Amino acid sequence: MSFPATRMRRLRGREAFRQLVRETSLTPRNLVAPLFVCHGERVRRPIASMPGHAQISVDEAVDKAKKLVSLGVGGLILFGIPAAKDPEGREAYDPDGIVPRAFRAIKAEAPDILLWADVCLCEYTDHGHCGVVKNGQVDNDRTLPLLARAAVTYAEAGADIVAPSDMMDGRVGAIRKALDDAGHADTPIVAYSAKYASGFYGPFREAAESAPQFGDRRGYQMDPANSDEALREVALDLEEGADAVMVKPALPYLDVIRRVKDRFQVPVVAYNVSGEFAMVKAAAQLGWLDGERVALESLTSIRRAGADVIITYFAEEIAPLLGRTRT
Ligand code: PBG
């Protein structure tokens with residue numbers, strides 16, 4: 001049946017019709033908010049390239065967590081700014097490090113939000129790479145036990161989910177075994193399986209002070225030109241025990257999200273990264289586009305591509321806009 005019997009505009013004519021046939025939902029519980037935690041008290045150091053975001057001390061992070069709970073946001077993921085950096089990234093797996101401290105405080109005061117631990121060494125190493133460096137190269141196998149130690153440290157401090165973002169081979173299996181051996185068999189692993197070597201991480205590296213001091217991350221993160229390889233990464237991480245997988249960044253890789261979702265019937269997380277956030281904010285500040293509208297459209301697109309969960313710097317400002325009509 002075609003025009004004039006069929007008129008696609010009929011179901012677009014009124015908001016009630018549009019709501020009736022809307023295929024994709026976006027709710028605060030689909031969102032995870034990243035926070036950057038640092039030492040000190042009542043510290044709030046704004047991050048220039050990420051308007052509205054700051055490096056915050058643990059007390060401030062607790063307040064933020066309570067606010068996110070009140071907005072219905074599903075989770076938060078912590079990144080730490082350590083007191084000192086060294087070649088082995090020691091503060092990443094120190095039980096008194098900034099992230100374990102923050103987990104303990106937030107768990108005690110805002111227990112109704114899922115706490116995600118990003119597991120990586122780059123914020124903690126003086127060279128800024130995601131693993132230990134040997135002969136100018138990131139040494140995969142020597143990095144695995146350190147990542148496993150970090151994951152156990154976070155689970156012990158109250159993290160509900162551990163999410164390795166380092167892109168070492170075999171890290172999911174190493175972390176799974178370490179968690180199981182330490183009595184955390186019920187702690188899920190969300191693997192950053194398809195993490196691309198991306199220019200979109202620029203603002204994050206300012207926020208987390210984690211830019212590599214030599215070279216780049218192309219030796220371990222994925223080539224933006226590849227997507228078959230993303231499916232292999234996902235398959236391997238699932239075999240090693242990942243409970244859910246991640247694609248990162250999100251908007252330039254919507255096709256990868258879709259392929260992963262179609263191929264594997266597992267929960268898919270997408271990371272709407274710092275550069276994706278900064279671009280919208282910058283254009284909105286210049287009055288070149290409507291920031292809220294573009295943020296909502298971007299997040300909806302990521303969900304439509306197949307992501308169940310989105311890690312996004314928009315979580316706090318967008319959650320209040322997601323009224324009952326959209327759920
Ligand atoms: C690594 C990590 C990075 C991000 C999350 N985890 C940075 C990197 O690989 O350089 C980037 C997130 C973002 O850009 O928002 N620990």
Side-chain angles (χ1 to χ4, degrees), residues 31-37 47-55 75-82 85 89 91-93 97-99 116-132 138 143 146-147 150-151 154 159 161-168 171 175 189-224 233 245-253 269-282 295 298-299 302 307 309-316:
L31 306 179
V32 176
L35 299 183
F36 299 96
V37 286
I47 300 157
S49 53
M50 301 179 69
H53 288 270
Q55 296 180 345
L76 60 81
I77 185 162
L78 293 187
F79 297 96
I81 292 96
K85 302 191 189 226
E91 199 174 320
Y93 36 90
I98 185 62
V99 161
W116 296 48
D118 180 89
V119 177
C120 193
L121 301 187
C122 69
E123 295 122 71
Y124 307 93
T125 51
D126 51 9
H127 45 71
H129 279 287
C130 301
V132 288
V138 175
T143 301
L146 302 184
L147 295 168
Y154 302 147
I161 289 170
V162 298
S165 67
D166 51 281
M167 288 302 276
M168 297 303 117
R171 91 269 212 218
I175 289 171
I189 298 176
V190 178
Y192 286 72
S193 302
K195 178 175 178 179
Y196 287 87
S198 172
F200 287 93
Y201 306 149
F204 174 95
R205 292 180 188 172
E206 178 201 338
E209 301 173 8
S210 64
Q213 300 302 302
F214 66 90
D216 55 38
R217 304 211 202 292
R218 287 177 230 253
Y220 42 104
Q221 298 180 346
M222 280 185 55
D223 184 336
E233 283 281 9
V245 296
M246 201 188 303
V247 176
K248 177 185 175 186
L251 291 176
Y253 300 89
V269 181
Y271 200 140
N272 178 226
V273 303
S274 57
E276 299 175 67
F277 172 81
M279 288 196 301
V280 174
K281 284 287 169 191
S298 301
L299 296 172
I302 296 165
V309 177
I310 307 170
I311 303 179
T312 178
Y313 302 95
F314 289 115
E316 185 180 348

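Quick caveat, the model's predicted, so the values are computed rather than measured. We count ligands from 1, going down the list as the structure has it; atoms in each ligand are counted the same way.
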Gap separating the OG1 atom of T312 from the OH atom of Y271, nearest 0.5 angstrom: 9.0 Å
Atom pair CD (Q213) and NE2 (H129), whose distance is rounded to the nearest 0.5 Å: 8.5 Å
Min side-chain heavy-atom separation L78-Y154 under 4.5 Å: no
By ring-ring contact (aromatic ring centres under 6.0 Å, His included) - contacts of [X] (at least two apart):
X    : answer
Y201 : none
F79  : F36, F204
Y253 : Y196

Under 4.0 Å from ligand 1 - residues by heavy atom, chain and number: F79, D118, C120, C122, E123, S165, K195, F200, Y201, F204, R205, R217, Q221, K248, Y271, V273, S274, Y313
